[in-house]
Undergrad: 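This structure is in structure tokens; I'll ask about it shortly.
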Amino acid sequence: MSASSAPEREVVGRHDFWLRTLRLWDLGFVAMVVLSAGAIALDSMPTQRKVVAVALLVLLAVAYGVLGHVAAVRGAPRRADAYLAVLTAVSTAQVVLGGIGTVLLFLAYSQVWFFARTRRAGVLWCAALTVGVTAASVWREGADTGVAAQIAGQFGIALLFAVVLGLWITHVAEQSEERAYLLEELRATQDALAASHHAAGVVAERERLAGEIHDTLAQGFTSVVMLAQTAAAELAGGHVERVAERLGHIEDVARDNLAEARALVGAFSPPGLGDGSLADALRRLAHRFGVETGVRVVVVDDAPDGVPGREAQVVLLRAAQESLANVRRHAGASHVTLRLARAGDDVVLEVVDDGRGLTAGAAEGVGLRGMRARADAAGGGVDVAGSPGDGTRVRVRVPAGAPQDGTTDDDPHPEEEP
């Protein structure tokens, strides 16, 4: 399989070279034939020889059009070999006739290297051409052994020059072909890499949006459902005043969810961070959670200098939201503490509850995995600890980012009333 594929690639590469340079070779061939015809007309050889010499030029021109040119256009190596055979025969015959015979060697040697598919083929065709014209010159001159040796030496030098020059030009051409091929491969690789990065970016953005929706909208809708169920139960019990209070809570949660949805659509930071510090946003979150669930939530701010960096603030706020959502669904706790602190260059948020704790081998849910992914992306980490009956502690650590001046594009626009 590999043995047969190598020649095929070689012919295809030569075909590409033929197509790119064919026009120049066509013009060079026409110019050489016209000059040769003019030289024949001005030569002092007998008229009959002139007619034969012109006929040979016509034959060479027809062979070039039918065999050489077509071989270059179609990538047909057999036609190229046939044309080189005609070229060798015509050049030898022109030398026999005299006159411009040796002049055609300039055209013949150059076309040999143009149409030869390999270096070896080029050397063999040049050798065959040289042997032919050498024999023709010796026959035409009727020379003795000494003169024949001299003629053979002259054409041998011409052969050496043609081979060396042809090999060098072929080497340069092949290097150019290789560079062009490598550049094409590089462009293809760059395009593929760009497409891969784009696809990875799309997937990452989808995962980010999924995490944002899970940590915000889904939890908000869960609160609305629980409040609605509580209101329905109180309505059935005749506690109209409590129903009105629950409806007010439902409206507040719905407004918060609407603000979160607008922030996601506009690619803004959480609206809770637009009205103050992270500690203020945690206090509002704790108050709402306590109203909805009856669980006492205490916020301890041990970071008096605040939390610089909008990215760190977003990660910690989302972590607090997800941790409280897990307390609501799984912990059965009566007390939760949110502690915000600085640890060197890091900001740490601890969420500690007095609920059921963690069971051995418990699998992490989507929310906790999203919390880890968000913290990892920010250069931090998440630690979860707990045992059955002793509550759970979630510790989120992220590097403190650059301070915000309150005028960046990350700040959300004021929310409008629906």
Side-chain angles (χ1 to χ4, degrees), residues 14 18-19 21-117 121-143 147-148 150-159 161-163 165-166:
R14 178 62 64 177
W18 287 343
L19 290 177
T21 59
L22 182 59
R23 178 172 297 180
L24 292 176
W25 285 96
D26 286 346
L27 294 176
F29 178 83
V30 171
M32 195 65 184
V33 169
V34 171
L35 290 176
S36 298
I40 292 173
L42 298 176
D43 196 90
S44 59
M45 72 174 65
T47 303
Q48 292 180 346
R49 287 191 178 184
K50 288 184 178 181
V51 172
V52 175
V54 172
L56 288 174
L57 281 180
V58 173
L59 173 62
L60 182 62
V62 172
Y64 182 81
V66 175
L67 297 175
H69 183 85
V70 174
V73 172
R74 299 180 182 179
R78 292 183 179 179
R79 284 179 177 265
D81 290 340
Y83 171 71
L84 291 179
V86 174
L87 176 64
T88 301
V90 170
S91 300
T92 301
Q94 289 285 15
V95 172
V96 172
L97 293 175
I100 60 136
T102 55
V103 177
L104 282 178
L105 285 178
F106 292 100
L107 173 66
Y109 280 133
S110 61
Q111 289 203 332
V112 162
W113 287 108
F114 176 71
F115 285 105
R117 288 171 288 161
V123 172
L124 292 177
W125 278 113
C126 285
L129 178 63
T130 304
V131 170
V133 297
T134 300
S137 296
V138 172
W139 182 85
R140 180 172 58 86
E141 296 293 336
V147 176
Q150 184 179 3
I151 294 175
Q154 293 174 350
F155 281 109
I157 294 174
L159 172 63
F161 177 78
V163 169
L165 184 61

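Computation of the quantities below employed the complete heavy-atom set of this structure, encompassing side-chain atoms and omitting hydrogens, waters and symmetry-equivalent molecules.
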Undergrad: What's the spacing between Leu24 CG and Phe114 CZ if we round to 0.5 Å?
TA: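 If I round to the nearest 0.5 Å, the distance is 9.5 Å.
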Undergrad: Taking the side chain as every heavy atom from C-beta outward, state whether Val123 and Trp113 have any atom pair closer than 4.5 Å.
TA: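 Sidechains of Trp113 and Val123: in contact.
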Undergrad: Would you mind writing out the side-chain donor-acceptor pairs for residues 127-136 within the sub-3.5 Å range, not counting sequence neighbours?
TA:
{"residue": "Thr130", "atom": "OG1", "partner": "Tyr109", "partner atom": "OH", "Å": "2.5"}
{"residue": "Thr130", "atom": "OG1", "partner": "Cys126", "partner atom": "O", "Å": "2.8"}
{"residue": "Thr134", "atom": "OG1", "partner": "Thr130", "partner atom": "O", "Å": "2.6"}

Undergrad: Nearest 0.5 Å please: distance from the CZ atom of Arg49 over to the CG atom of Leu56.
TA: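 Nearest 0.5 Å value for the CZ-CG distance: 12.5 Å.
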Undergrad: Check Ala121 against Ala116 and note the closest heavy-atom contact, atom names and distance.
TA: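 Closest approach of Ala121 to Ala116: C-CB, 4.1 Å.
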Undergrad: Could you check Tyr83, Trp125, Trp25 and say which one makes a side chain to side chain contact (heavy atoms under 4.5 Å, CB included) with Phe115?
TA: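 It is Tyr83; the other options fail the test.
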Undergrad: Would Leu87 and Leu84 count as a side chain to side chain contact (heavy atoms under 4.5 Å, CB included) if you check the C-alpha gap in whole Å, the side-chain angles of each, and the deciding distance to 0.1 Å?
TA: CA-CA 5 Å; Leu87 176 64; Leu84 291 179; 4.3 Å; yes
Undergrad: Any ring pair (Phe, Tyr, Trp, His ring centres under 6.0 Å) involving residues 33-58? Give me the pairs, sequence neighbours left out, ordered by first then second residue.
TA: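 The answer is none; no pair qualifies.
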Undergrad: Show me, pair by pair, the donor-acceptor contacts under 3.5 angstrom made by side chains of residues 58-73, not counting sequence neighbours?
TA:
{"residue": "Tyr64", "atom": "OH", "partner": "Asp26", "partner atom": "OD1", "Å": "2.5"}
{"residue": "His69", "atom": "ND1", "partner": "Asp26", "partner atom": "OD1", "Å": "3.3"}
{"residue": "His69", "atom": "ND1", "partner": "Asp26", "partner atom": "OD2", "Å": "3.2"}

